[in-house]
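Heads up: the structure comes next, in structure tokens.
It should be emphasised that the depicted structure is a prediction, and the values quoted were computed from it without experimental measurement.
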Amino acid sequence: MNTTVMARLLRSSSVCGKYGHVKQLYGSSFSNRCLWTSPVLQADDDGKKSFGTKQIQFIKSIFDKSDFGPYEIQKESHSSQLSDKENVYEIQFHAVKPENMEEYLKQFSKFQELMHEKKTGAHLVGSFTVEIGDQDEAIHIWEYKGGYPVLNNATEIYRTDQDFINYRTNRNKMLRYRKNQILLPFNFWPAPVPREGRNIYEMRSYTLKPGSMIEWSNCWAKGLRYRQDNDEVAVCGLFTDLGDLFTVHHMWGYKDLQTRKETREMAWSKPGWDECVAYTVPLIRHMKSRILIPTPFSPVQ
């Protein structure tokens, strides 16, 4: 983190008084490290520590529990701390052969109706094709109200019902690859709901450093308010419980790409957004953005 960003953080009300004497103690070295964050941010990519154990213990000792959450030994799982909802979600990523996309969408439309008719308990939240990103990719988001028991029931029906067996046989011939993830919703994000109109959606996917999910959540619980605007909708915020772990998906709705550009630029004019970015960027190992177009049968339009 450069000295300009660090200076902003040190001037902010959240860190100024508490950490000023630490900077005086360690001098310029402090400006290059987020010492009040978790141990994952105190190691370079090669694992070398910038400070010794005694120094880290000292840094830890100056925080009380309310400020020093990331360092505390966790007494419960991330999922129970970050999500207080019973519902689980599934995201399916299907890479479709280009020549089969039209037929694939027709078949999937019938499939999602069949999931309802068979009383699987799975509810389609949104169905999209990728406009910008991995071309010829379809993304489907399912909600299982009631959690894993409902997911288990839906999976059993999907695996044993002959109609679904026939569907999979035909569908698999049209795919290049597929994968899925099981996710939980962040408790501070709004629940995804059906939307009308003509919109585009951005799915921003982040692979975080292991152990940094609590920090990410704490920051975005505050940072989300800087991104609320009449021209932007926070559709959902999910994190993986099964699949690619420490993966986060943020989905935003816009009228069009120009609205997206203007809305994101507006966020930087709001005090606090720059600190949210500065704090969360070091937590990221990889990030990806997709622009999505809803399918005709998607509840989210």
Side-chain angles (χ1 to χ4, degrees), residues 1 5 8-9 12-15 34 36-38 41 66-67 69-70 78-89 91 125-126 128 139 141 143 181 183-195 197 199-209 211-241 246-257 259-292 300:
M1 184 178 293
V5 172
R8 291 178 182 173
L9 289 172
S12 70
S13 60
S14 60
V15 300
C34 300
W36 58 87
T37 55
S38 72
L41 296 186
S66 63
D67 290 329
H78 285 173
S79 59
S80 60
Q81 296 181 67
L82 302 179
S83 181
D84 56 8
K85 301 177 178 65
E86 293 296 326
N87 302 343
V88 298
Y89 292 81
I91 298 183
V125 172
F128 311 90
I139 296 176
I141 304 176
E143 181 183 30
Q181 299 170 346
L183 309 100
L184 300 174
F186 284 109
N187 52 22
F188 56 87
W189 276 76
V193 296
R195 298 185 66 221
N199 304 285
I200 65 170
Y201 294 87
E202 181 177 17
M203 174 182 278
R204 297 181 69 86
S205 303
Y206 305 89
T207 302
L208 305 183
K209 295 182 178 181
S212 63
M213 188 67 75
I214 297 294
E215 294 171 85
W216 178 273
S217 177
N218 289 342
C219 187
W220 268 98
K222 299 177 181 178
L224 187 61
R225 66 176 179 265
Y226 304 120
R227 295 291 303 275
Q228 296 300 303
D229 189 87
N230 292 334
D231 295 324
E232 179 181 47
V233 174
V235 179
C236 65
L238 308 170
F239 64 96
T240 51
D241 196 41
F246 294 100
T247 298
V248 173
H249 299 289
H250 292 175
M251 184 168 287
W252 307 89
Y254 303 96
K255 180 181 177 181
D256 50 37
L257 289 175
T259 303
R260 172 190 177 274
K261 176 179 180 294
E262 295 170 356
T263 304
R264 289 178 57 82
E265 289 176 349
M266 188 182 304
W268 285 97
S269 66
K270 300 178 181 178
W273 173 245
D274 55 346
E275 293 181 6
C276 178
V277 173
Y279 188 79
T280 55
V281 164
L283 306 178
I284 302 171
R285 287 194 178 277
H286 178 72
M287 61 188 298
K288 186 174 187 177
S289 172
R290 300 175 176 91
I291 298 298
L292 310 178
V300 172

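For S217, the side-chain contact (heavy atoms from CB on, under 4.5 Å) partners at least two apart in sequence or on another chain are L82, F186, F188. Every residue two or more places apart in sequence or in another chain that forms a side-chain contact (heavy atoms from CB on, under 4.5 Å) with V277 is listed here: W268, W273, V281.
Counting heavy atoms from C-beta outward, M251 and F128 have side chains that approach closer than 4.5 Å. When side chains are defined from C-beta on, P192 counts as touching Y89, because their heavy atoms get closer than 4.5 Å. A 4.5 Å side-chain heavy-atom check between C276 and K222 finds every atom pair outside the cut-off. F246 has its side chain out of reach of T207: every pair of non-hydrogen atoms, C-beta onward, lies at least 4.5 Å apart. Here the side chains of L238 and V248 are not in contact, with every heavy-atom distance at 4.5 Å or above.
Side-chain N or O atoms of S289 include none that pairs as donor or acceptor with a backbone N or O of R204 at under 3.5 Å.
Atom CD1 of I200 is separated from atom OG1 of T259 by 7.5 Å, given to the nearest 0.5 angstrom. In this structure, OG1 on T280 lies 11.5 Å from CD on E275, to the nearest 0.5 angstrom. Within the model, atoms CE of M203 and CD1 of I291 stand 11.0 Å from one another, a figure rounded to the nearest 0.5 Å.
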Trace of the side-chain contact (heavy atoms from CB on, under 4.5 Å) decision for T247 with L208: CA-CA 6 Å; T247 298; L208 305 183; over 6 Å; no
Pair W216-F239, ring pair (Phe, Tyr, Trp, His ring centres under 6.0 Å): steps then yes or no: CA-CA 11 Å; W216 178 273; F239 64 96; over 10 Å; no
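Taking the six-membered ring where the residue is Trp, W252 and H250 present perpendicular rings, their angle passing 60° and hence far from 30°.
Just one residue in the list R264, E262, K261 forms a side-chain contact (heavy atoms from CB on, under 4.5 Å) with Y254, and that residue is R264.
Nearest heavy-atom pair across S83 and N187 is N-ND2, 4.0 Å.
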